[in-house]
Amino acid sequence: MTNVPAIEVRGLTRVFESRKGFLFREVSRTEALRGLDLTVEPEAIFGLLGPNGAGKTTLVKILSTLLLPSTGTALVLGHDVVEESAWLRPRIGLVLGGERGLYNRINARDNLRYFADLYGIPPHEREHRIDEVLERVGLEGAADRRVEEYSRGMKQKLHIARGILHRPQVLFLDEPTIGLDPKSARETRKLVRSLVSDGVTIFLTTHYMFEAEELCPEIAVMSKGRIVARDTVAGLRQLVGGDRTLEAEAYGFEDREVDAIRHLPGVSKVVSEEYGPRTRLTVRLRSLETTPDQVVATLPGHPELAVRERRTSLEDVYLDLVEEEAP
Amino acid sequence: MATADVPHVSRVRATEASLRLAFQMFVADPQWLIPSMIAPVVFGLVAFELFQGAGPDFLTYAILGAGMMSMWGQTLYGSGWAIGQDREFGTLEPTVQSPTPYVYVVLGRVLWNVVSGLAGGGIVYLVVLAVAGAPPALPDPLGFVALFLFVMLTLAAVGILFSAAWVYTRYSGFIQNVGEFAFYVGTGCMFPVVILPFWTNPIALVFPPTWALDALRYLAIPGYVGFAWGFWPDLLGAVATTVVYVAVAGAIFRRVELHVLAKGNLSDY
Ligand SMILES: Nc1ncnc2c1ncn2[C@@H]1O[C@H](COP(=O)(O)OP(=O)(O)OP(=O)(O)O)[C@@H](O)[C@H]1O
Ligand SMILES: [Mg+2]
């Protein structure tokens, strides 16, 4: 098992064609994946970050045999997701989450019994296994309630319970905390972390930088169907430059002021955003060549100037990466 | 903890699980009471009125006609509908993702529909019995029951093929409605096919239940005039067409699945 990457993707593309109209058919093509390469090592949590429409779900569905790629290859546990889907299906788990995907009119236990049988879990082990996963996700008290009575967070837990019921070697989690309140989201993250200690490889997609930062030693950032960065959290911070970020807010800056800041030594990036009557300059500082005081000194004549210094967050890095990709 | 080897999936148990789920969903949802329990009562009463005075075997005609009407809907419509529901619930994706080939899931759902269709047939029998005040004269009751079950299986075979359409696309309502209409007109659910215009016969012969039903009428009604070739060829035709349907279903499901995976419409509803 060692040496085989959990996931290996080469030149993966996926085009969706949708047709509109009846007589005059209009075909629209969406390139959801545009030549994607990615290798994920086993037995860790790997985080895939990207904005809406980046192609995260498309990739997850291809890797979990629910969608065929247009071109390119994808191997999971060294096996081709198209040619060897029958070998893969019992060995991987998929959690798409959300309100759909469960039988709402029956209870959680019956939902799990059904899938246990579809996964060939032996009858003598089934009930025990169901109790085990229900307890693991914290639904042991609600096992006999109809799923339609479940809150969003409970449904998410049930989705995860179903995903781990057959003890997969690779578990795909597509935005496991989306739509959850902070407390449920935290519980879910705790659960995800506990899974990896069992030796499961977890492939997790998320919009939330802090979630990736908290859970994933390694991260890939995806934008418009491509991986635009792939590194450790610390490495990603380095990738886009400095350690510190300065936010300066005032009632508008002149272009020459922004230019002056941009040309200070050690400034790697300046982004200007309007907030109603105020403008915020986000200044990324590489190393210690430029001090925050110098930045302030470059902006005289703004009595209302408010300056805040903070550590560059992964969020900043992420937004940079995704922005650079934008046309 | 992650296990290297995976359990062998028992197809029998997967089918059973699918049947069990269909039953649980049925119990949980009262809307099914109308087609499955009330419709047979209405069909029974209507058929009784319709066939009354149509000769000595009118009771058998009434039972067969009404029974088939209710079972036909239950088995065929129900089978397509079950898969349509999986689309609606978003459960088609996790089900296809499991190691069980989807055809066994369909088989379980269809078998449930056979069971509830049989219950519908039973209700029709009791209703006609109640209005007539006497049971119909059956020359060969055992053979009748056996053949009756066989008719159900031929219906199930058609149901499986309809289900494939539902896996294929969310627009199967159209296919199903057209298909059901052809089936309804063609197979002679309510009345023998031979009284239909000749051009409908080729359509009728495409459906396994046409053959099986004609055989059933030959068995149950002395002096019945159905297809000229008589009872045994009817039975043979029924078996042959059923085998073809099941074989096509077995071959088609993996293809349908690949088509759906290529198109990416598994979660549409
Ligand atoms: N079945 C489909 N038919 C047509 N287009 C699709 C289909 N599925 C996805 N797409 C398109 O492919 C692109 C990528 O979608 P995808 O769902 O993979 O993104 P995502 O990164 O998961 O986004 P989100 O964060 O919103 O979940 C989008 O432009 C989307 O509209
Ligand atoms: Mg998505």
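Remember, it's a predicted structure, so these values are computed and weren't measured experimentally. In what follows, chains carry the letters A, B, and so on, assigned in the order in which the sequence lines appear, proteins first and then strands, with residues in each chain numbered from 1.
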Interface moiety of [X] toward chain B, non-hydrogen atoms closer than 4.5 Å:
X	value
A:Leu102	backbone
A:Pro123	both
A:Arg113	both
A:Phe16	side chain

Heavy-atom distances under 4.5 Å only: say whether [X] touches chain A with side chain, backbone, both or neither.
X	answer
B:Val27	neither
B:Leu258	both
B:Ser18	both
B:Glu16	neither

For the backbone of [Y] and the side chain of [X], can you confirm whether one donor and one acceptor N or O come within less than 3.5 Å of each other?
X	Y	value
A:Arg100	B:Arg87	yes
A:Arg89	B:Val96	yes
B:Arg13	A:Leu118	no

*At their closest point, which heavy atom of B:Met25 faces which heavy atom of A:Ile106, and how far apart are they?*
SD-CG2, 4.0 Å
*Could you pull out the closest heavy-atom pair between A:Leu96 and B:Glu93, with the gap in Å?*
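Looking at all heavy atoms of both residues, the shortest contact is CD1-OE1, 3.0 Å.
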*Who among B:Ser98, B:Gly264, B:Ala28, B:Ala14 has the most heavy-atom pairs with chain A under 4.5 Å?*
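Answer, by heavy-atom pair count under 4.5 Å with chain A: B:Ser98.
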*asked:* So if I take each residue of residues 59-68 of chain A and look for any heavy atom under 4.5 Å from a heavy atom in chain B, which residues do I end up with?
replied: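 Hits under 4.5 Å: A:Lys61, A:Ser64, A:Thr65, A:Leu66, A:Leu67, A:Leu68.
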*Look at A:Gly93, A:Pro122, A:Pro90, A:Pro69 and state which one has the largest set of heavy-atom pairs under 4.5 Å with chain B.*
A:Pro90
*Tell me, yes or no, whether the heavy-atom count around B:Arg254 atom CZ, taken from other residues, nucleotides or ligands under 6.0 Å, exceeds 12.*
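Enclosed.
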_Could you measure the distance from the CZ atom of B:Phe89 to the CD atom of A:Glu99? Nearest 0.5 Å is fine._
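Here the interatomic distance stands at 14.0 Å.
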*First locate atom OG of A:Ser85, then atom CD of B:Gln97, and finally report the distance between them rounded to the nearest 0.5 Å.*
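Answer for the OG-CD pair, A:Ser85 versus B:Gln97, is 10.0 Å.
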Any side-chain heavy-atom pair from [X] and [Y] closer than 4.5 angstrom?
X	Y	value
A:Tyr114	B:Thr95	yes
A:Tyr119	B:Pro7	no
B:Leu21	A:Tyr103	yes

*Any ion pair linking A:Asp117 and B:Arg20 (charged N to carboxylate O, less than 4.0 Å)?*
yes
